[in-house]
Amino acid sequence: TAGLLEVTRQEGSAEERTSDLPKFEERLTDDIKRVSVETGSYAVTIEGSPGKEAVIFGTYRGFIGKGAIPLENVADYALIEKQGDTLYIRFKEMPTSRLMNHGGQVHATLLIPSNVMLDVVGSGRDMEIKPRDLKADWSIDNVGYLNMDMNEDANITIEAVDLHKL
């Protein structure tokens with residue numbers, strides 16, 4: 001019972017806070033031709049960038065025990081792996097309280113060089129994309145609501161597959 005009382009006290013003293021995600025930034029060398037992203041259960045904003053860096057920044061909101069640090073490293077919220085000509089980014093699920101059945105939410109923005117191919121797999125969650133000056137193919141699969149912010153004169157083809165509402 002002492003263990004259960006301690007867990008209950010920790011849960012009761014936890015407070016809901018919003019913190020910055022540890023920033024990920026990596027210069028993509030010319031041998032990286034594609035970025036593959038799995039968004040997990042989070043709504044993510046993806047923007048095309050004129051630079052050569054892949055960047056992730058944003059916020060995390062969740063219940064944090066007093067004195068605890070919610071996220072210290074990029075590895076706490078994302079798996080980042082380079083294999084061959086591809087940079088893989090997989091967002092991790094945040095811890096969920098077993099007693100209170102609540103978990104954290106990640107609100108991330110991902111910047112991708114406009115000249116790199118992008119493959120995104122969502123989990124039915126909303127997504128916002130801002131291609132800007134897109135120079136490579138972007139493929140986006142399994143998203144809920146998709147908001148696309150682009151110039152009126154953008155030369156882009158959109159193919160919608162298994163669409164429930166347009």
Side-chain angles (χ1 to χ4, degrees), residues 16-62 64 68-95 103-166:
E16 190 170 21
R17 292 191 290 177
T18 300
S19 301
D20 293 340
L21 291 174
K23 185 176 181 181
F24 168 77
E25 186 168 10
E26 183 161 335
R27 184 169 183 84
L28 299 185
T29 58
D30 290 339
D31 59 328
I32 298 294
K33 307 290 185 209
R34 182 174 78 102
V35 175
S36 176
V37 179
E38 292 181 32
T39 64
S41 62
Y42 306 114
V44 176
T45 299
I46 301 175
E47 295 188 29
S49 167
K52 291 188 177 254
E53 294 81 21
V55 179
I56 302 171
F57 61 92
T59 58
Y60 163 80
R61 182 164 183 81
I64 311 297
I69 300 172
L71 300 171
E72 295 185 68
N73 304 302
V74 172
D76 291 337
Y77 69 87
L79 168 69
I80 313 283
E81 182 73 32
K82 279 196 265 188
Q83 291 293 322
D85 68 349
T86 304
L87 175 68
Y88 294 91
I89 300 171
R90 177 180 293 160
F91 285 90
K92 297 177 180 178
E93 297 300 317
M94 294 294 103
Q105 282 295 312
V106 171
H107 301 279
T109 297
L110 173 59
L111 304 180
I112 298 294
S114 296
N115 65 338
V116 174
M117 289 189 317
L118 176 68
D119 292 327
V120 180
V121 176
S123 294
R125 300 293 297 194
D126 297 346
M127 183 177 299
E128 182 173 6
I129 63 169
K130 300 176 181 181
R132 295 190 184 181
D133 187 24
L134 193 60
K135 296 179 176 122
D137 291 337
W138 282 18
S139 171
I140 300 166
D141 188 26
N142 195 19
V143 296
Y145 177 80
L146 179 63
N147 182 32
M148 296 178 66
D149 183 6
M150 63 188 74
N151 297 333
E152 285 184 27
D153 62 346
N155 183 9
I156 188 168
T157 301
I158 300 172
E159 178 182 343
V161 178
D162 195 20
L163 188 66
H164 297 284
K165 185 177 177 184
L166 182 60

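Since the structure is predicted, the reported quantities are computational estimates derived from the model, not experimental observations. Any value given below was found using the heavy atoms of this structure, including those in side chains, with hydrogens, waters and symmetry copies removed.
- When all heavy atoms of Tyr77 and Pro22 are compared, the closest pair comes out as OH-O, 2.6 Å.
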Cut-off 3.5 Å, no hydrogens considered: what does the side-chain donor-acceptor table look like for residues 114-122, sequence neighbours left out?
| residue | atom | partner | partner atom | Å |
| --- | --- | --- | --- | --- |
| Ser114 | OG | Ser49 | N | 3.3 |
| Ser114 | OG | Ser49 | O | 3.4 |
| Asp119 | OD2 | Arg34 | NH1 | 2.5 |

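- Residues satisfying the side-chain hydrogen bond (donor to acceptor under 3.5 Å, both in side chains) criterion with Lys52, sequence neighbours excluded, are absent altogether.
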Applying side chain to side chain contact (heavy atoms under 4.5 Å, CB included), run through Asp20 and Phe57 and close with a yes or a no. CA-CA 8 Å; Asp20 293 340; Phe57 61 92; over 6 Å; no
I'd like a table of donor-acceptor pairs (distance under 3.5 Å, sequence neighbours excluded) in which one partner is a side-chain atom from residues 128-137, with atom names and distances.
| residue | atom | partner | partner atom | Å |
| --- | --- | --- | --- | --- |
| Glu128 | OE2 | Asn147 | ND2 | 3.4 |
| Arg132 | NH2 | Glu47 | OE1 | 2.7 |
| Asp133 | OD2 | Lys135 | NZ | 3.1 |

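- Checking side-chain atoms of Ser36 against main-chain N and O of Tyr88 turns up no donor-acceptor pair under 3.5 Å.
- At least one donor-acceptor pair closer than 3.5 Å links the side chain of Lys92 to the backbone N or O of Ala75.
- How far CZ of Arg125 is from OG1 of Thr39: 9.0 Å, rounded to the nearest 0.5 Å.
- Atom CG of Asp30 is separated from atom CG of Asp85 by 12.5 Å, given to the nearest 0.5 angstrom.
- Note that CG of Asp76 is 10.0 Å distant from OH of Tyr60, once rounded to the nearest 0.5 Å.
- Note that the CD1 atom of Ile32 and the CD atom of Glu26 stand 7.5 Å from one another [nearest 0.5 Å].
- In terms of heavy atoms, Gly51 sits closest to Pro113 at O-CB, 3.3 Å.
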Audit row: Tyr42, His107, side chain to side chain contact (heavy atoms under 4.5 Å, CB included) steps and yes/no: CA-CA 7 Å; Tyr42 306 114; His107 301 279; over 6 Å; no
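- Rounding to the nearest 0.5 Å places CD1 of Ile56 at 11.5 Å from NZ of Lys23.
- Between atom CG of residue Leu110 and atom OG1 of residue Thr45 there is a gap of 9.5 Å, rounded to the nearest 0.5 Å.
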